[in-house]
> 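This is the structure I want to talk about, given as structure tokens.
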Amino acid sequence: MRTALPLAALLAAMPALAGFTTTSRDVKLDYSQKSAVVEFTTDGTAISKAKPLCDCTKVAIQGNKLVATVDTSKFDQPVTKEIEATTADGKTTRLAMVFDVPVAMQLSARSLIWQRGSAPAPQVLTITLPKGSPVRGLKEAGLQGKAFSYTPAKVKEGREYTVTVTPLSTEKPVLNRLVLTTDSTDPRFAKQIIYLQVKK
């Protein structure tokens, strides 16, 4: 008669399943940072292949370690990039890299919206420049379109600005763009676009 093995012995006899020590990495970027290196490792099982899900990411496999080099030069807001990695046991895992991008310009809204037929009341966009931002000032605000009037104002030099926007009419749906131009030489922060819309 065969004696049943204890549970611990059964588990020890089973082949180990591959697993990454973590499937997500948080990466804090600096304003001027153009690239980042992010590493993932397994519990010891070799990584057989890896596929980045963005052209900005390149990967290298070193046994049970995956090294990702990410081009962050165009990141201007928090973003997540992913990699699909397959280990020697055939298991595929999706790995996430969560990039925390510092805000160079805080906007009270990314778009200003009026409903069709509503009162053409003015709305105020507030622009704040955080301490340490590579943006030192707002150079100008320009309108792409002819459906709105706007008045820029400086609240505090180098820190806070406003743009008051008013639709000329809300009778018909329309979409214009307000373009904010800053003094930053970094293309990511040189311009910001605010959408102005009268919705159906």
> For the hydrophobic clusters of this structure (ILVMFWY residues joined by side-chain heavy atoms under 4.5 Å, transitively), does one cluster hold both Val79 and Val59?
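In one cluster with Val79: Val59, yes.
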> Using every non-hydrogen atom in the two residues, find where Lys146 and Leu168 come nearest and quote the distance to one decimal.
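Shortest heavy-atom contact: O-CD1, 3.3 Å.
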> Side-chain heavy atoms under 4.5 angstrom apart, residues restricted to Ile, Leu, Val, Met, Phe, Trp, Tyr: same cluster for Leu125 and Tyr195?
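Each belongs to a different hydrophobic cluster.
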> Could you state the interatomic distance from OG (Ser118) to NZ (Lys199), rounded to the nearest 0.5 Å?
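Output value for this atom pair is 12.0 Å.
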> Do Asp89 and Thr87 meet the criterion of a side-chain donor-acceptor pair at a distance under 3.5 Å?
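The answer is yes; a qualifying pair exists.
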> Hey, does the side chain of Arg116 reach the backbone of Glu171 with a donor-acceptor pair shorter than 3.5 angstrom?
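The answer is yes, because a donor-acceptor pair under 3.5 Å joins these two groups.
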> Can you confirm whether more than 12 heavy atoms, excluding those of Glu84, are under 6.0 Å from its CD atom?
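Result for CD/Glu84: enclosed.
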> Between Pro122 and Thr164, what is the shortest heavy-atom contact and its length?
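Answer, listing the atom of Pro122 first, then Thr164: CB-CG2, 3.8 Å.
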> Using every non-hydrogen atom in the two residues, find where Phe75 and Cys56 come nearest and quote the distance to one decimal.
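For Phe75 and Cys56, the tightest heavy-atom pair comes out as CZ-SG, 4.1 Å.
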> To the nearest 0.5 Å, how far apart are NZ in Lys200 and NZ in Lys172?
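Output value for this atom pair is 13.5 Å.
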> Test of understanding: clusters of I, L, V, M, F, W, Y form through side-chain heavy atoms closer than 4.5 Å, transitively. Do Val101 and Val98 belong to the same one?
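Val101 and Val98: separate clusters.
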> Quick check on the hydrophobic clustering: are Val103 and Ile194 connected, directly or via other members, by side-chain heavy-atom contacts under 4.5 Å?
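No.
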> Which heavy atom of Thr57 sits nearest a heavy atom of Lys81, and at what distance?
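That closest heavy-atom pairing would be OG1-CB, 4.4 Å.
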> Could you check if a side-chain atom of Trp114 sits within less than 4.5 angstrom of a side-chain atom of Pro120, using non-hydrogen atoms only?
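A side-chain contact is absent here, since even the closest heavy-atom pair is not under 4.5 Å.
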> Check whether any side-chain heavy atom of Met105 sits under 4.5 Å from a side-chain heavy atom of Leu129, and report yes or no.
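Side chain of Met105 against side chain of Leu129, heavy atoms only: contact under 4.5 Å found.
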> Under a plain distance cut-off of 3.5 Å, with no hydrogens placed, do Thr162 and Thr126 share a side-chain donor-acceptor pair?
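No.
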> Please answer whether the main-chain N or O of Lys58 pairs with a side-chain N or O of Thr69 as donor and acceptor at a distance below 3.5 Å.
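Looks like no, no N/O pair under 3.5 Å.
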> Do Phe99 and Val70 have side-chain heavy atoms sitting under 4.5 Å apart?
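The answer is yes; the side chains approach within 4.5 Å.
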> Walk me through whether Asp71 and Ser73 qualify under side chain to side chain donor-acceptor pair (under 3.5 Å).
CA-CA 6 Å; Asp71 177 3; Ser73 62; 2.7 Å; yes
> What is the distance from atom CD of Gln197 to atom CD1 of Ile113, rounded to the nearest 0.5 Å?
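It is 5.5 Å, given to the nearest 0.5 Å.
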> Find out whether Ile83 and Met97 are in side-chain contact, i.e. whether some heavy atom of one side chain is under 4.5 Å from a heavy atom of the other.
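Sidechains of Met97 and Ile83: in contact.
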> Going by heavy atoms in the side chains, are Lys91 and Thr45 under 4.5 Å from each other?
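Counting from C-beta outward, Lys91 and Thr45 never come under 4.5 Å.
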> Could you walk me through whether Leu107 and Leu180 pass side chain to side chain contact (heavy atoms under 4.5 Å, CB included), step by step?
CA-CA 11 Å; Leu107 304 170; Leu180 306 176; 4.1 Å; yes
> Indicate the atoms forming the closest heavy-atom contact of Phe148 with Leu143, along with that distance.
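Taking every non-hydrogen atom into account, O-CD2, 3.2 Å.
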> Are side-chain heavy atoms of Gln106 and Pro130 found at a separation under 4.5 Å?
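Answer yes - side chains close enough.
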> Does Ile127 share a hydrophobic cluster with Tyr150, counting links as ILVMFWY side-chain heavy atoms below 4.5 Å and allowing steps through other members?
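Same cluster.
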> Is it the case that the side chain of Thr80 and the backbone of Ala96 share a donor-acceptor pair, with hydrogens and angles ignored and the cut-off at 3.5 Å?
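Such a contact is absent between Thr80 side chain and Ala96 backbone.
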> Between Lys28 and Asp100, is there a side-chain N and carboxylate O pair less than 4.0 Å apart?
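Looking at Asp100 together with Lys28, the answer is yes, because their closest N to O distance falls below 4.0 Å.
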> Could you tell me the separation between the CZ atom of Arg188 and the OH atom of Tyr31, rounded to the nearest 0.5 Å?
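Answer rounded to 0.5 Å: 10.5 Å.
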> So does Lys34 have more than 12 non-hydrogen atoms from other groups sitting under 6.0 Å from NZ?
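Correct, the count exceeds 12.
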> For the atom pair CD (Gln192) and OG1 (Thr181), what is the distance rounded to the nearest 0.5 Å?
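It comes to 10.0 Å.
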> Kindly give the heavy-atom pair with the smallest separation between Ser24 and Thr22, and that separation in Å.
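Heavy atoms only, the tightest pair is O-OG1, 3.0 Å.
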> I need the Glu39 CD to Thr21 OG1 distance, nearest 0.5 Å.
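That separation rounds to 10.5 Å.
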